[in-house]
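Residue numbers run from 1 in the order of the sequence given. Values below: every heavy atom of this structure, side chains too, minus hydrogens, waters and symmetry copies.
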Amino acid sequence: VRRGLDIVGVLVLAVAAALAGGMLRDALLGATPVAALADGRYLPVALAAGLAAFLLHPLVERLGKPVMVFDALGLGLFAVTGCRKAMEAGLDPTASLALGVVTAAGGGLMRDLLLAEVPRVLREEIYALAAALGAAVVLAGDRLGAPETGTTLAGVAAAFALRVLSVRFGWRAPRSPWSRGDPEV
């Protein structure tokens with residue numbers, strides 16, 4: 001909405017942000033059709049969120065912190081479920097962690113690429129690292145033989161906490177000492 005897109009553009013970006021990470025994960029795992037297309041609930045929810053953002057933009061903007069908190073919770077949930085799905089498919093821990101991050105952050109990455117921007121997950125705040133932490137907790141719990149439910153909740157909580165604290169305190173991922181700062185957008 002801030003970029004002046006019409007209703008179709010906003011809905012396309014909403015669907016990309018909501019579903020692209022899981023769709024990419026499923027495609028990489030060979031799980032076809034991907035869950036977002038096989039289950040008829042995913043697309044209408046993504047479209048409804050996009051429509052709400054389009055129609056209620058001023059309200060959504062005023063709710064910045066609550067939206068960030070729900071986004072942080074979703075980040076943790078998607079990182080953990082993506083990692084688990086990869087583990088269940090027999091992938092090794094490194095690949096499972098990577099697919100947890102892809103599941104959680106891939107939608108935002110796709111949204112930014114469609115807007116011809118350097119993806120925020122690669123240049124701002126701590127987002128992908130929080131997803132990686134959540135997935136790593138799941139992998140560690142699995143390795144230690146901890147109960148799946150507890151490990152899942154711990155992974156979600158870890159990703160959520162790191163994301164919220166990073167926003168609250170302005171933490172950023174390390175950059176190279178030779179970095180030129182924020183990339184041109």
Side-chain angles (χ1 to χ4, degrees), residues 1-5 9 12-29 53 60-61 64-87 89 91-144 151-152 154-185:
V1 172
R2 283 190 300 264
R3 295 287 296 267
L5 299 178
V12 166
L13 291 182
V15 169
L19 305 179
M23 292 174 78
L24 179 57
R25 176 208 58 226
D26 287 354
L28 290 170
L29 290 174
V60 173
E61 284 292 303
K65 291 295 184 201
V67 170
M68 184 279 300
V69 168
F70 284 116
D71 183 66
L73 182 60
L75 176 77
L77 289 167
F78 292 134
V80 165
T81 58
C83 181
R84 282 223 180 273
K85 191 163 187 177
M87 291 166 56
L91 270 62
D92 69 30
T94 303
S96 295
L97 187 139
L99 285 185
V101 172
V102 164
T103 304
L109 187 131
M110 179 60 69
R111 176 203 59 224
D112 293 347
L113 290 174
L114 288 170
L115 288 170
E117 293 181 1
V118 174
R120 280 186 246 174
V121 302
L122 302 179
R123 64 180 164 86
E124 274 183 20
E125 302 172 343
I126 292 179
Y127 199 84
L129 285 176
L133 175 62
V137 168
V138 167
L139 290 165
D142 183 67
R143 180 79 156 194
L144 296 170
T151 301
T152 297
V156 171
F160 174 82
L162 180 56
R163 175 69 181 134
V164 169
L165 290 171
S166 73
V167 170
R168 168 69 176 92
F169 295 109
W171 298 341
R172 295 178 71 125
R175 292 183 184 209
S176 168
W178 299 278
S179 175
R180 296 182 303 150
D182 285 330
E184 295 294 319
V185 178

So with a 6.0 Å cut-off around CE of Met110, is the heavy-atom count from everything else above 12?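 12 or below, so no.
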
Search all heavy atoms of [X] against all heavy atoms of [Y] and return the closest pair with its distance.
{"X": "Pro119", "Y": "Leu113", "answer": "CG-CD2, 3.9 Å"}
{"X": "Ala131", "Y": "Leu75", "answer": "CB-CD1, 3.9 Å"}
{"X": "Ala135", "Y": "Ala79", "answer": "CB-O, 4.2 Å"}
{"X": "Leu114", "Y": "Ala16", "answer": "CD1-CB, 3.8 Å"}
{"X": "Thr151", "Y": "Asp142", "answer": "CG2-N, 4.4 Å"}
{"X": "Asp92", "Y": "Thr94", "answer": "OD1-N, 3.1 Å"}

Sequence neighbours left out, what pairs pass side chain to side chain donor-acceptor pair (under 3.5 Å) with at least one residue falling in residues 155-168?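 Applying side chain to side chain donor-acceptor pair (under 3.5 Å) to every pair that reaches into residues 155-168, excluding sequence neighbours, yields Glu125-Arg163.
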
[atom1] of [X] to [atom2] of [Y]: how many Å apart, nearest 0.5 Å?
{"X": "Leu144", "Y": "Leu139", "atom1": "CG", "atom2": "CG", "value": "11.0 Å"}
{"X": "Tyr127", "Y": "Leu109", "atom1": "OH", "atom2": "CG", "value": "11.0 Å"}
{"X": "Thr103", "Y": "Leu99", "atom1": "OG1", "atom2": "CG", "value": "6.0 Å"}
{"X": "Leu91", "Y": "Leu97", "atom1": "CG", "atom2": "CG", "value": "11.5 Å"}

Test applied, side chain to side chain contact (heavy atoms under 4.5 Å, CB included); reference residue, Ile126; option that passes from Leu165, Leu162, Val167: Leu162

When you measure from the side chain of Arg25 to the backbone N and O of Cys83, does any donor-acceptor pair fall under 3.5 Å? no

State which residues pass salt bridge (Lys or Arg N to Asp or Glu O under 4.0 Å) with Asp26; sequence neighbours excluded, sorted by chain then number.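 Applying salt bridge (Lys or Arg N to Asp or Glu O under 4.0 Å) to Asp26 gives Lys85.
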
Salt bridge (Lys or Arg N to Asp or Glu O under 4.0 Å) with Arg84: which residues, sequence neighbours excluded? Glu148

Can you check side-chain contact (heavy atoms from CB on, under 4.5 Å) on Leu115 and Leu5, steps first, answer last? CA-CA 10 Å; Leu115 288 170; Leu5 299 178; 4.0 Å; yes

Does the side-chain contact (heavy atoms from CB on, under 4.5 Å) test come out yes or no for Val156 and Leu73, once each step is laid out? CA-CA 7 Å; Val156 171; Leu73 182 60; 3.9 Å; yes

Chi angles and distances behind the side-chain contact (heavy atoms from CB on, under 4.5 Å) call for Val121, Val101: CA-CA 10 Å; Val121 302; Val101 172; over 6 Å; no

